[in-house]
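Beneath this line is the structure, given in structure tokens, with notes to follow.
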Amino acid sequence: MISEELLESYGALKRSIEKGEVLFKINTQPRFYFQVISGTIKMNNFNEDGKEFIQGIFSKGDSFGEPPLFGNFTYPAYAEAVEESCVLQLDKNSFFKLLKENPESHLNVTQTLAGRLHYKATMAAEISSENAEHRLLRLIDYFKYHIHQFKPDIRYKVELSRQQMADLTGLRVETVIRAIKNLEKKGEVLLESHKIIR
């Protein structure tokens, strides 16, 4: 989203993160802008029963955790490395200075946040539906068209695990597995070496 060179020119530091390491916890104050260089980071919550709900999954070039920086409120979720990862970390004051001095980067950040707001609104409407197949198709299509920007006629391989799909839609993993099999029978998706193709 913001070039690594520009971030580093404002003092961003590279930080290596082990799988399972937490970058920030829920209800803590934001102090940094984060952008993924490699690996995968997820933002998540847990309900009273300990079930995980994934708010978002972020990979190379993605930033995460910005709304609390702008709104001056605490983080609403945890940020955790899904695999060994590397992020750029820029302190809050330097981040705002970068945005003020680089309007194009500011616009990129705004557009990204608008896209995430659209995703949240879309998924909130889907989660209220009881149809698991419909929820999963909307999730897959959102990633295909809005995140990875594939054209409709291009085959898209879903990189999310069944567990991640469950955690993103509020479903049980068993329900996801069953629904994917039904979607395959209906011709909505293909399964190739256990990978979902849409």
Next on the checklist: When you compare the side chains of N108 and E104, does any donor N or O come within less than 3.5 Å of an acceptor on the partner?
Outcome noted: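 N108 vs E104: no donor-acceptor pair found between side chains.
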Do the side chains of [Y] and [X] get nearer than 4.5 Å, heavy atoms only?
X: H106; Y: K100; value: no
X: L137; Y: R198; value: yes
X: E159; Y: I57; value: no
X: Y78; Y: F46; value: yes
X: K92; Y: N72; value: yes
X: I196; Y: L183; value: no

Nearest 0.5 Å, what's the [atom1]-[atom2] distance between [X] and [Y]?
X: I180; Y: T175; atom1: CD1; atom2: OG1; result: 11.5 Å
X: D167; Y: N44; atom1: CG; atom2: CG; result: 8.0 Å
X: L171; Y: R135; atom1: CG; atom2: CZ; result: 4.5 Å
X: R15; Y: S85; atom1: CZ; atom2: OG; result: 11.0 Å
X: L98; Y: L90; atom1: CG; atom2: CG; result: 6.5 Å
X: M43; Y: L23; atom1: CE; atom2: CG; result: 10.0 Å

Item to check | Plane angle bin for F95 and Y33 - parallel if under 30°, tilted between 30 and 60°, otherwise perpendicular | outcome: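 Rings of Y33 and F95: parallel, under 30°.
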Item to check | Geometric class of the F34/F24 ring pair [parallel <30°, tilted 30-60°, perpendicular >60°] | outcome: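 Answer is tilted, since the angle falls between 30° and 60°.
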Checklist entry - When you look at M1 and Q111, which way does the side-chain contact (heavy atoms from CB on, under 4.5 Å) test go after all the steps? => result CA-CA 10 Å; M1 186 194 332; Q111 289 172 331; over 6 Å; no
Checklist entry - Picking from E84, E83, Q164, what satisfies side-chain hydrogen bond (donor to acceptor under 3.5 Å, both in side chains) with T40? => result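 Exactly one pass, corresponding to E83.
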Checklist entry - Can you check side-chain contact (heavy atoms from CB on, under 4.5 Å) on V189 and L136, steps first, answer last? => result CA-CA 11 Å; V189 299; L136 291 167; over 6 Å; no
Between [X] and [Y], is there a donor-acceptor pair closer than 3.5 Å when you use the side chain of the first and the backbone of the second?
X: N27; Y: T74; answer: no
X: K144; Y: P152; answer: yes
X: Q35; Y: I2; answer: yes
X: D141; Y: R138; answer: no
X: N131; Y: H134; answer: yes
X: R31; Y: D91; answer: no

Is [Y] reachable from [X] through a run of I, L, V, M, F, W or Y residues, each pair having side-chain heavy atoms under 4.5 Å apart?
X: I197; Y: L160; answer: no
X: L139; Y: V176; answer: yes
X: F58; Y: V87; answer: yes
X: L113; Y: L99; answer: yes
X: L6; Y: L69; answer: yes

Checklist entry - If you count the non-hydrogen atoms of other residues, nucleotides and ligands that lie under 6.0 Å from NZ in K97, is the total more than 12? => result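 For K97, atom NZ is not crowded (no more than 12 foreign heavy atoms under 6.0 Å).
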Item to check | Step-by-step side-chain contact (heavy atoms from CB on, under 4.5 Å) determination, E66 to R116 | outcome: CA-CA 11 Å; E66 306 95 321; R116 288 191 197 143; 2.8 Å; yes
Compare every heavy atom of [Y] with every heavy atom of [X], then report the nearest pair and how far apart it is.
X: I17; Y: A81; value: CG2-CB, 3.5 Å
X: L168; Y: I54; value: CD2-O, 3.3 Å
X: I26; Y: P76; value: CD1-O, 3.3 Å
X: Y75; Y: F32; value: OH-O, 3.8 Å
X: K195; Y: V158; value: CD-O, 3.9 Å
X: L88; Y: A12; value: CD2-CB, 4.1 Å

Checklist entry - Can E101 and Y10 be said to form a side-chain contact (heavy atoms from CB on, under 4.5 Å), step by step? => result CA-CA 11 Å; E101 294 175 358; Y10 279 82; 2.5 Å; yes
Checklist entry - In terms of side-chain geometry, is the basic nitrogen of R172 or E174 positioned less than 4.0 Å from the acidic oxygen of its partner? => result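 Looking at R172 and E174, the cut-off is met.
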